[in-house]
Every structure is written in structure tokens, then in C-alpha cells.
Number of protein chains: 2
Amino acid sequence: MITASEENYLKSVFKLSEKDKSVSTNDLAQSLGTTPASVSDMVKKLSEKKLLAHQPYKGVKLTQAGKKIALDIVRKHRLWEVFLTQTLEMKWDSVHEIAEQLEHIQSQDLIRKLDAFLGYPRFDPHGDPIPDENGKIEERKTILLGEAKKGAVLLLAGVLTDNSDFLQYLDQQQVRIGSRLTVLEILPFDKSVSLSTGKKQITFSALVCQQLLMMEEV
Amino acid sequence: MITASEENYLKSVFKLSEKDKSVSTNDLAQSLGTTPASVSDMVKKLSEKKLLAHQPYKGVKLTQAGKKIALDIVRKHRLWEVFLTQTLEMKWDSVHEIAEQLEHIQSQDLIRKLDAFLGYPRFDPHGDPIPDENGKIEERKTILLGEAKKGAVLLLAGVLTDNSDFLQYLDQQQVRIGSRLTVLEILPFDKSVSLSTGKKQITFSALVCQQLLMMEEV
DNA sequence: AAAATAATTTAGGTTTGCCAAAATTATGAT
DNA sequence: ATCATAATTTTGGCAAACCTAAATTATTTT
């Protein structure tokens, strides 16, 4: 059996993994809101279970088995987020916390039926792709808004954080997934960006722009 | 904070409580699938938290605070069961286990919105009443099928067990919540009961009859 | 290359919830 | 009323998941 805590560790490793790089103990502790010592403990356990490959002092990677579990948790999390926003009409800034709990509910059948009920959604309310039952994730060509050039016209494809304040701020600015944004100006001084939403003009700080995933119009 | 385990204990005490009677350690252990020693441990903790009133060697009762929590868990459990059967179209014999997990999800807002989405149902798929937000439970005059007299015409109001085999058996017999049953004969020998469902004739053992909650036609 | 600093692991300890075995208390039979 | 049995509690111990502080290893600076 795999516990909720173990699932959270695997999910964090997955999220922190870039390319073929190892994930450090410290980063994991940060991401999980725990201490490096606790991470060492759990990493040892998950390595023994062959869900993580651990090189002492060098970091961890997911094994095939570990990745499968991580993707399953991510899938469940994102499907529940769709349910909460679409079916129960909750706001996108409040669903993450609840999905953190729901993702640990154990029932294949439940998730299959939920998926069907929701109409097999491919993206969650934050624009993140939902892995299918085999762990396959839809790829899209995206760039950060911070990397866009002046004059570019792009659609908001996703946000890189679930931070509630951040999402509420976007709501306030009437910016949501799918919004069409035109880059009017990039301030050389602080890299903040002036944009047109069609209706009005807004400015995003460089920090905000690092959280916004953009794509070309279809 | 209250843990899932604590919630389960309170729920079990609630379910085993009859009138003003105390619930015994042994019965609790049985109901929770654990040992009397473990129950003693947890009873001590919940008594210290003022959720249970414990008289050593005499049993426990719920306090007001404990009852409130228990009713809240029952409410969540039954609302989720409605969701699983009605929205996701799962069978009534498979929802109990999943609802056992879902009942521990923490979010007032979620449950309120779920309740609204489901149309404020008053009974779950097994015919059990769903407490409202204040813990109020709808009362109905019901009797066990085992207590019905020959000639009685009654509606199936509920079942007293979530046992999957039992529910599948009822399904097979085409007996469900709301079914109208006429008592044709009661065998003196073993108290088994012959019934007419309108379409066909069936016989239920005394044990089965002790699990079926019946009410007068409205 | 050695020293200083940073990252990681280990050691030792806590809490929660569980259990088996032993001790205690209540209950039913004679 | 006493004894036997059943129910309950206590004792001592285990595993999971966490923590702080100390020890170890890696990395960076000088």
C-alpha cells in the first residue's frame, strides 16, 4: 500500500523534475513544507520501494513505477479541479486546496466515471494538461509571457502557480485561461509588460509574467 | 484538529447509539474492525477532548460537541453517496466504501455546493435520511419487514446494512428503495416471509427481513 | 589545496494510532 | 455470597511521519 504522504512526495518530485535532472532534498523539503531531514527519511523509504532512484547527496529521480503513480495523482488532482469549478461552480482560486485532499481518494472506477461525467476534459482550470489513464500528457508549444516580444498576440494557456492571491488578482484584471493578450510595451528598466486585453490596458510585473504560460492562437 | 480516525470513532458511536444507552467498548471495536484495547485508547483521547462522555467499564455516549461532528460526517457520507449513484451512475452496492473516504474531505463550502448541486436530497441511496447543516434528521415512521403482519402493503424505505453482497442480492430480486411489497405469508417455523412485488413472488429469510426498513404508502 | 560554507544524512526523540498480553472490574451462575 | 466468565482497561511495544541537532559530504571561496 502507498500512503497519502508517499503520494505527495512522488507528486512533488514529478513537479520539480526538469528534463533528466535530479531533484534535491532541499527543494523537495521546500515544496512539501517540511524539513530536509524528513525528506531524507522518506526518500530512503521510497527508494527501498523502488519508486525513487536515489544517489546520496546527489538527489532523486522517479523510477518508471514512481512516475506512473505520480501521473495518476496529478490526473486525479486535475480532474477534481475541473469538477469543482465546472460542476460545483467554485472559483479557480479555491479549488487547489480541496483537490489536494481529493487526489488521494482510492478508486479507479470513481475516477473513470468522473472523467466520463466531465466529458474527458484535457485541461484543468489553471490550464494544466490532464494525463490520460496511461499517463500520457498532451504537449503544447508555450512560452512565458516574460519571453514574449513586443507586438505579440497570444492566448493565456495556463498559470504556473496555484497561489490563491495571484489567481484572484488575475480575476480582478479580467484575465483568464483563453484570454487574448497583445504585448504593447516591455519596459527595459524592470521588464514589466504593458498589455491590451482588447477592452483595456494593463501592466504586469516581470514576476507576474514569469507565471503566465502563453500560446499562439489556434 | 480532528483526525479521520477520530471522526470514524464518533460516527461509530453515533451509529451504535440507541435512545440514551451507552455504547460498549467491545461493540465499538467490532464496528470499527479494531481491538478493544485500541478503543480504550481512543476513547480516553476523545473524552479528554470532550467529544465523548466515558464512564469506565460502563461505556460511552456522545457529548453535544461529539454528536455535532458525528452528524456532520454522516451528512457528508450520505451526500457523497447520492453524488456517486445519481451523478456518476454508480451502483448502490459499490458507493459505501468510496464514501467512507470522501466523508473525511474537509471543506464546508464544498459540501454546501455539493448539496445544492444534488438538489438538497433528503435520503441517500440506501434510504437513510441526510442530516441538514444543523444536524437535523428527518424522522419517518418505519418498521422492520420482520415485524410486519400478514397482508400488510409497505414500501421499502431503507436498508440497515451497506453490505455489498446483500445489496446485490436485492438488486437481483428487483427490490429497491420505494418498491411496494405485500406480505403474503409468514412461516411460523423460521419466520421467513413470502412477498409479492407486484410482478412476482419472492421469499426473504428472517435475517434479510431484519435489514429491511418499511413504511406506509404516502 | 585548504578552509569556509552549504547541502545532505544520521541520530535520537515525539506523536498518533495500532496491537497482544496482563491486570482489573463487572456480571452471571450456582 | 462466592466463583467463574466476560468485558474493559492498563502496560509495554511497534510503525509511520515528523522534528531538532549533530555529523558527514559536497561545493565554493580564497
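Lettering of chains follows the sequences in order, A, B, ..., and the numbering in each one begins at 1.
With salt bridges taken as basic N to acidic carboxylate O contacts below 4.0 Å, one links A:K11 and A:E100. A salt bridge links A:D20 with A:K61: the distance from a Lys NZ or Arg NE/NH1/NH2 to an Asp or Glu carboxylate oxygen falls below 4.0 Å.
Remark: A:Y9 is in phosphate contact with D:dC18, judged by side-chain N or O atoms under 4.0 Å from OP1 or OP2. Dashed line: the shortest gap from a side-chain N or O of B:S5 to OP1 or OP2 of C:dC18 is under 4.0 Å. Between A:K44 and C:dT10 there is a side-chain N or O to OP1 or OP2 distance below 4.0 Å. For A:H54 and C:dT9, the shortest distance from a side-chain N or O to OP1 or OP2 is below 4.0 Å.
For B:K150, the side chain to side chain donor-acceptor pair (under 3.5 Å) partners at least two apart in sequence or on another chain are B:E185.
Computed from coordinates, the A:Y57 OH to D:dT27 P distance equals 12 Å when rounded to whole Å. In this structure, the NZ atom of B:K49 is 10 Å from the C1' atom of C:dT16, given to the nearest Å. For the pair B:Q55 CD and D:dT8 P, the interatomic distance rounds to 13 Å; values are reported in whole Å. B:E6 places its CD atom 9 Å from the C1' atom of C:dT16, with the value rounded to the nearest Å.
Environment of NZ in B:K49: crowded, with over 12 heavy atoms of neighbouring residues, nucleotides or ligands closer than 6.0 Å.
Annotation: side chain of A:V60 is in contact with side chain of A:L28 (closest heavy-atom distance under 4.5 Å).
Using a 4.0 Å cut-off on heavy atoms, the residues of residues 13-43 of chain B that approach DNA chain D are B:S24, B:T25, B:N26, B:P36, B:A37, B:S40, listed by number.
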Side-chain donor-acceptor pairs of residues 73-80 of chain A under 3.5 Å, sequence neighbours excluded:
unit_1: A:R75; atom_1: NH1; unit_2: A:P131; atom_2: O; d: 3.1
unit_1: A:R75; atom_1: NH2; unit_2: A:D115; atom_2: OD2; d: 3.3
unit_1: A:K76; atom_1: NZ; unit_2: A:E103; atom_2: O; d: 3.3
unit_1: A:K76; atom_1: NZ; unit_2: A:I105; atom_2: O; d: 3.1
unit_1: A:H77; atom_1: ND1; unit_2: A:E103; atom_2: OE1; d: 2.8
unit_1: A:H77; atom_1: NE2; unit_2: A:E81; atom_2: OE2; d: 2.9
unit_1: A:H77; atom_1: NE2; unit_2: A:H96; atom_2: ND1; d: 3.2
unit_1: A:R78; atom_1: NH1; unit_2: A:P129; atom_2: O; d: 2.7
unit_1: A:W80; atom_1: NE1; unit_2: A:L102; atom_2: O; d: 3.4

